[in-house]
There are 2 protein chains.
Amino acid sequence: MTAREDLTTAMADLLWERGYAATSPKDVMERAGVGQGSMYHHFAGKHELAVAAFRRSIDVVLAATSVLEGEGDPIERIERYLAEPRPGTQGCRVGRMTQDPQVVSDPELLGLVADAFEVAGRRWERAIAEAVEAGELPPSVVPAELALTLQAVIQGGYVLARARGSQEPMDAAIRGAVALLHAARGPATSPGPSSNE
Amino acid sequence: MTAREDLTTAMADLLWERGYAATSPKDVMERAGVGQGSMYHHFAGKHELAVAAFRRSIDVVLAATSVLEGEGDPIERIERYLAEPRPGTQGCRVGRMTQDPQVVSDPELLGLVADAFEVAGRRWERAIAEAVEAGELPPSVVPAELALTLQAVIQGGYVLARARGSQEPMDAAIRGAVALLHAARGPATSPGPSSNE
DNA sequence: GTCTATATTTCGATAGAC
DNA sequence: GTCTATCGAAATATAGAC
């Protein structure tokens with residue numbers, strides 16, 4: 001059943017490139033190289049196609065956040081995740097959907113997006129809390145809030161990159177955030193180079 | 001010529017609510033309470049309507065950034081602007097457009113968006129540079145970068161708020177950013193409570 | 001399971017009367 | 001300047017043969 005697979009892939013890519021409203025079932029069929037009848041055999045319509053495509057895109061995006069739970073000092077994991085390459089001008093596969101009213105008004109689609117951000121947010125929050133415990137961030141930091149701040153920097157970075165048609169605003173926004181993390185960490189604590197529980 | 005005005009207003013609101021791809025000329029006419037012939041008399045088509053509507057929305061959004069150039073200490077102006085109320089779940093009239101491929105691929109529309117972000121960015125940058133000079137932010141801060149970071153926090157806040165269908169993520173993301181600014185400022189400088197040139 | 005009609009509605013725009 | 005009528009194309013889906 002490669003048709004189902006191909007249709008899901010094509011829809012995921014088209015949702016990324018054009019959004020929900022601007023993607024027609026016909027576009028999807030053509031990109032997947034699949035006939036119309038075949039498509040309506042596998043999926044009831046555009047909505048179902050979007051759900052399947054969405055689940056896949058979210059898996060891809062969430063997989064990247066596992067860095068936050070990986071090895072190394074918490075602050076190091078945070079900076080490593082922030083430093084990962086992001087195609088700014090292409091936008092975020094997941095975040096872009098929040099601007100599509102037809103997605104937001106579809107409870108199932110919106111639910112998928114909300115869950116994805118929540119899962120990612122918890123990973124952020126955990127890593128930040130560990131960094132505070134380790135003295136790598138000041139105690140004044142509220143993990144749940146900083147988690148949203150850093151998620152927002154990334155999502156906003158996509159917006160700015162697309163506005164300017166350039167990767168640079170995304171990278172600069174992240175550099176600015178990292179610099180702020182360093183400055184906040186700096187003079188207050190850190191007696192030695194990490195490694196203290 | 002109230003028809004032109006009404007059409008522009010209706011288009012601006014619909015672009016905000018639904019985006020470009022999902023807004024039809026018919027929708028605009030109906031909301032404006034104007035006949036079809038009348039609309040095509042005033043505007044050559046959807047594109048021209050969008051340009052007019054866009055200019056208006058951008059004026060509205062940019063007007064709010066004048067706080068950054070207003071009275072008070074630089075850091076105070078920055079925090080005042082960050083603290084301004086923002087309808088997170090409604091999204092940003094300007095930023096939302098960057099996710100619409102039909103807007104991004106339209107040089108005139110994209111140009112308007114890019115210019116708007118650039119103007120706002122310069123106001124941010126100036127206020128930040130003044131804050132650094134006044135010792136309210138550490139010298140390690142690169143104004144152009146932090147400007148993009150804070151713009152991104154706001155734009156990303158909209159994304160997160162829409163994802164969760166709640167104002168809270170927007171507000172929390174901004175609180176997290178303000179806390180970070182405080183922490184970065186904190187122990188390093190600030191001998192007395194401001195007022196030193 | 002896949003294909004080629006075909007149907008219905010909406011989109012975006014034009015024509016031409018008033 | 002505004003209106004109604006109409007157009008050709010596309011969106012979304014169904015029907016029914018293979």
Side-chain angles (χ1 to χ4, degrees), chain A residues 1-54 56 96-97 99-110, chain B residues 1-56 96-97 99-110 112:
Chain A
M1 66 159 72
T2 184
R4 195 173 215 289
E5 272 300 298
D6 292 347
L7 286 164
T8 304
T9 301
M11 183 62 164
D13 290 348
L14 284 168
L15 283 178
W16 193 16
E17 292 170 22
R18 309 184 193 173
Y20 187 86
T23 297
S24 74
K26 191 183 177 195
D27 294 333
V28 180
M29 292 162 23
E30 285 175 355
R31 177 166 302 201
V34 159
Q36 192 160 10
S38 190
M39 179 179 131
Y40 280 98
H41 171 76
H42 288 290
F43 298 96
K46 189 177 176 180
H47 165 86
E48 267 202 18
L49 241 180
V51 170
F54 240 53
R56 166 162 326 171
R96 108 184 296 303
M97 295 301 140
Q99 301 309 312
D100 203 315
Q102 299 186 39
V103 170
V104 171
S105 64
D106 181 324
E108 190 170 9
L109 293 178
L110 180 59
Chain B
M1 62 161 73
T2 185
R4 195 174 216 289
E5 271 300 296
D6 291 348
L7 286 163
T8 305
T9 301
M11 183 62 166
D13 289 348
L14 284 168
L15 283 177
W16 193 16
E17 292 169 21
R18 308 184 193 174
Y20 187 86
T23 297
S24 74
K26 191 182 175 193
D27 296 332
V28 180
M29 290 163 25
E30 285 174 354
R31 176 165 304 200
V34 159
Q36 193 160 7
S38 190
M39 180 181 129
Y40 279 99
H41 171 76
H42 288 290
F43 299 96
K46 188 178 176 179
H47 164 86
E48 267 202 18
L49 241 180
V51 170
F54 240 54
R55 291 191 199 279
R56 168 164 323 174
R96 109 184 294 304
M97 296 302 140
Q99 300 308 313
D100 202 316
Q102 299 187 36
V103 170
V104 172
S105 64
D106 181 324
E108 190 171 7
L109 293 179
L110 181 60
L112 290 172

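Lettering follows sequence order; numbering is per chain, from 1.
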Q. Looking at five pairs on each end of the helix from C/dG1-D/dC18 to C/dC18-D/dG1, what is the angle between the two axes, given to 10 degrees?
A. 10°

Q. Is the shortest side-chain N/O distance from A/His42 to OP1 or OP2 of C/dT2 below 4.0 Å?
A.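 Yes, A/His42 has a side-chain N/O under 4.0 Å of OP1/OP2 on C/dT2.
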
Q: With the side chain of A/Lys26 defined as its heavy atoms from C-beta on, choose the nearest nucleotide among D/dT2, C/dG12, D/dA11.
A: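 Per side-chain heavy atoms of A/Lys26, the pick is D/dA11.
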
**Q.** B/Asp27 side-chain proximity, nearest of D/dT12, D/dT2, C/dC11
**A.** C/dC11

Would you kindly give the [atom1]-to-[atom2] distance between [X] and [N], to the nearest whole Å?
{"X": "A/Tyr40", "N": "C/dT2", "atom1": "OH", "atom2": "C1'", "result": "15 Å"}
{"X": "B/Phe43", "N": "C/dT14", "atom1": "CZ", "atom2": "P", "result": "15 Å"}
{"X": "B/Met39", "N": "D/dT4", "atom1": "CE", "atom2": "P", "result": "15 Å"}
{"X": "B/Lys46", "N": "C/dT10", "atom1": "NZ", "atom2": "P", "result": "16 Å"}
{"X": "B/Arg4", "N": "D/dG1", "atom1": "CZ", "atom2": "C1'", "result": "13 Å"}
{"X": "A/Met29", "N": "C/dG1", "atom1": "CE", "atom2": "C1'", "result": "15 Å"}
{"X": "B/Leu49", "N": "C/dC11", "atom1": "CG", "atom2": "P", "result": "15 Å"}
{"X": "A/Leu7", "N": "D/dA13", "atom1": "CG", "atom2": "C1'", "result": "15 Å"}

Q: Scan B/Ser24 against the nucleic acid and name what it touches under 4.0 Å (heavy atoms): base, sugar-phosphate only, or nothing.
A: sugar-phosphate

Q) Hey, does A/Gly45 reach any base, or is it just sugar-phosphate, or nothing, if we go heavy atoms under 4.0 Å? A) sugar-phosphate

So [Y] and [X], do their side chains get closer than 4.5 Å, heavy atoms only?
{"X": "A/Glu17", "Y": "A/Leu14", "result": "yes"}
{"X": "A/Lys46", "Y": "A/Val28", "result": "no"}
{"X": "A/Asp106", "Y": "A/Gln102", "result": "no"}
{"X": "B/Arg31", "Y": "B/Asp13", "result": "yes"}
{"X": "B/Met97", "Y": "B/Phe54", "result": "yes"}

Q: Between A/Gln36 and B/His41, just flag the one whose closest nucleotide in DNA chain D comes earlier from the 5' side.
A: B/His41

Q. 5'-most contact on DNA chain D: B/Gly33 or A/Ala44, nearest heavy atom basis?
A.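 Final value for this comparison: B/Gly33.
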
Q. Cut-off 3.5 Å, side chains only: do B/Arg56 and B/Thr9 have a donor facing an acceptor?
A. yes

Q) Looking at CZ of B/Arg4 and CE of B/Met39, how far apart are the two atoms once the value is rounded to the nearest 0.5 Å? A)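 Spacing of CZ (B/Arg4) from CE (B/Met39) equals 11.5 Å.
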
